[in-house]
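Please read all numbers here as calculations on a predicted model, not as lab measurements. Residue numbering restarts at 1 for every chain, and letters A, B, ... go by the order of the sequence lines. In what follows, every heavy atom counts, from backbone to side chain, and hydrogens, waters and symmetry copies are set aside.
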There are 2 protein chains.
Amino acid sequence: MADRHHVLLRLAVDLAILTVRENCLHVLVIERDNEPYRGQYALPGGFLRADEDLPEAAERELVEETGLDGRSLHLEQLATYGAPDRDPRGRVVSVAYLAIAPDLPIPVAGSDAQTAAWMPVGNALGGKLAFDHGRILDDAVERAKNKLEYTTLATAFCAPLFTISDLRHVYEVVWGTELDPRNFNRKVANTQGFVLPTGDKRAPETGRPAALYRRGTAGYLNPPLLRNGIGA
Amino acid sequence: MADRHHVLLRLAVDLAILTVRENCLHVLVIERDNEPYRGQYALPGGFLRADEDLPEAAERELVEETGLDGRSLHLEQLATYGAPDRDPRGRVVSVAYLAIAPDLPIPVAGSDAQTAAWMPVGNALGGKLAFDHGRILDDAVERAKNKLEYTTLATAFCAPLFTISDLRHVYEVVWGTELDPRNFNRKVANTQGFVLPTGDKRAPETGRPAALYRRGTAGYLNPPLLRNGIGA
DNA sequence: TCAATAGTGTCTGTGAGACACTATATC
DNA sequence: GATATAGTGTCTCACAGACACTATTGA
């Protein structure tokens, strides 16, 4: 720790906020109204303040950008990005956080009065986002896909009360696959602590009403709910 | 990105280098010969330099502390720690990396001439390490345990040539459990790309010689090799 | 009645856990 | 021979995938 080559830098905390709406995975983006990358879309974020810890900063940004209470959302550290040229304004290292939200009505205009919008992740990938945010989004989606397998993260995409169909829909949209509803039902029912029955029901537009559930207390799925052939 | 409350800070890159030796998991620690925490053990690390990316810095520290070529070791970003008071010298945020090494003869004295040593992780947990390095080590061990389940990471703990017993020993030590040698053999043999037969054999002190293997090309285990009841 | 969604039951193949048995080395 | 480690075969149970069937609503 005694070397003299170190550099002073600013630390950004950027958020990849994912949700499922209209049969596809969306990410919250803001339109930049300052240089650099003016007019382009970017992930919401901001700089770390003097007396802040990283999770605090992430939660603060979440509130500022979406108006949501960070404690009600799933929020976890994703990774840190530090290429020397990643920000043309100077040396900025970014700690990215992954947030998972239920289908929200519409992002509240942040206190920064920036234009926030939900964008399908398919549109956001492929170099469309400012800075290295496309790469961050890639990693966020990959993390979400993986965590659905062995954790109860899927419930974080759902409203407080949800049906088994809702939950299955999350898996199908995030993974981009189709799942057998009957096998999925059995799997969820047999996993202790994944979902809790409430006794209530919700009628769809047509068809038999579905039982409503609440998140269970389990954090991990044991055994996991595996995709067919990852990394194969 | 326009707020004015941001802080300039230094970024540390710290390494949790794990290996298996003598039936227990060890971590590489250095004895600090400067304040703060003088005389205490800490994870090796250093500050990010002006033109460095994070993986570069991690690899540089690895070479400086162990004399090893970073490209031959498994090295991955673990997490970033930024509590405002984590370093008494001022605002320092640390990006931690997890490195996995085979059982090395002895750590080479780094170019910093610091005293490096392998310490059993059991001894290093519980507030023995400087800064928040105990917490970092906790997270590193947890990550390693989890990745053994669904990736081929265990081979990174082994020398280039290893037996199935060696590989099983890694699982047993890292997980702290016993595995059935016969079922383990079958599992490894049936997982394409986990290990490659070399045709050579190695005789133990007593008993039948064991076939030697090399790492395969697969990165993921499919299906995974699950512990009994995680998070239960 | 039909259409649509919710939910149960059954069969089958794969693979994990348990464990008997065989193989090959040193002493 | 004894002992120690390496490796194979077999049985059983749990569970995933496939899919026939029943249940409950609105039109």
(request) Give a yes or no on whether a salt bridge exists between B:R202 and B:D166, defined as a side-chain N under 4.0 angstrom from a carboxylate O. (result) yes

(message) Could you tell me if the side chain of B:F157 sits less than 4.5 Å from the side chain of B:L18, heavy atoms only?
(response) yes

(request) Take A:R186 and A:A210, find for each the nucleotide of DNA chain C with the closest heavy atom, and name the residue whose nucleotide sits nearer the 5' end. (result) A:A210

(request) For B:L225 and for B:A203, find the nucleotide of DNA chain C with the closest heavy atom, then tell me which residue's nucleotide is more 5'. (result) B:L225

(message) If I take atom OH in residue B:Y213 and atom P in nucleotide D:dA6, what distance separates them, rounded to the nearest angstrom?
(response) 11 Å

(request) State which of D:dA18, C:dT5, D:dG7 makes the closest approach to the side chain of B:N185. (result) D:dG7

(request) Answer with yes or no after comparing the ring centroid distance for A:Y150 and B:Y150 against a 6.0 Å cut-off, counting only values under it. (result) yes

(request) Rounded to the nearest angstrom, tell me the gap between atom CG in B:L226 and atom P in C:dA16. (result) 8 Å

(message) Using whole Å, what does the distance between atom P of nucleotide D:dG7 and atom CZ of B:R202 come to?
(response) 11 Å

(message) From CG of B:N183 over to P of D:dT12, roughly how many Å is that when rounded to an integer?
(response) 16 Å

(request) Please tell me which of the listed nucleotides, C:dG15, C:dA25, D:dC19, lies nearest to the side chain of A:R182? (result) D:dC19

(message) Using heavy-atom distances to pick each residue's nearest nucleotide on DNA chain D, tell me which of A:K187 and A:R208 is more 5'.
(response) A:K187

(request) Among C:dT24, C:dT26, C:dA18, find the nucleotide with the atom closest to the side chain of B:T206. (result) C:dT26

(request) Using side-chain contact (heavy atoms from CB on, under 4.5 Å) as the criterion, point out the one residue from B:L153, B:I17, B:V170 that pairs with B:I100. (result) B:L153

(message) Judged by each residue's nearest nucleotide on DNA chain D, which is more toward the 5′ side, A:D180 or B:I164?
(response) B:I164

(request) Send over the distance from A:E205 CD to C:dA6 P, rounded to a whole Å. (result) 12 Å

(request) Please determine, for the side chain of B:S165, which listed nucleotide (D:dA6, D:dG17, C:dG7) has the closest atom? (result) D:dA6

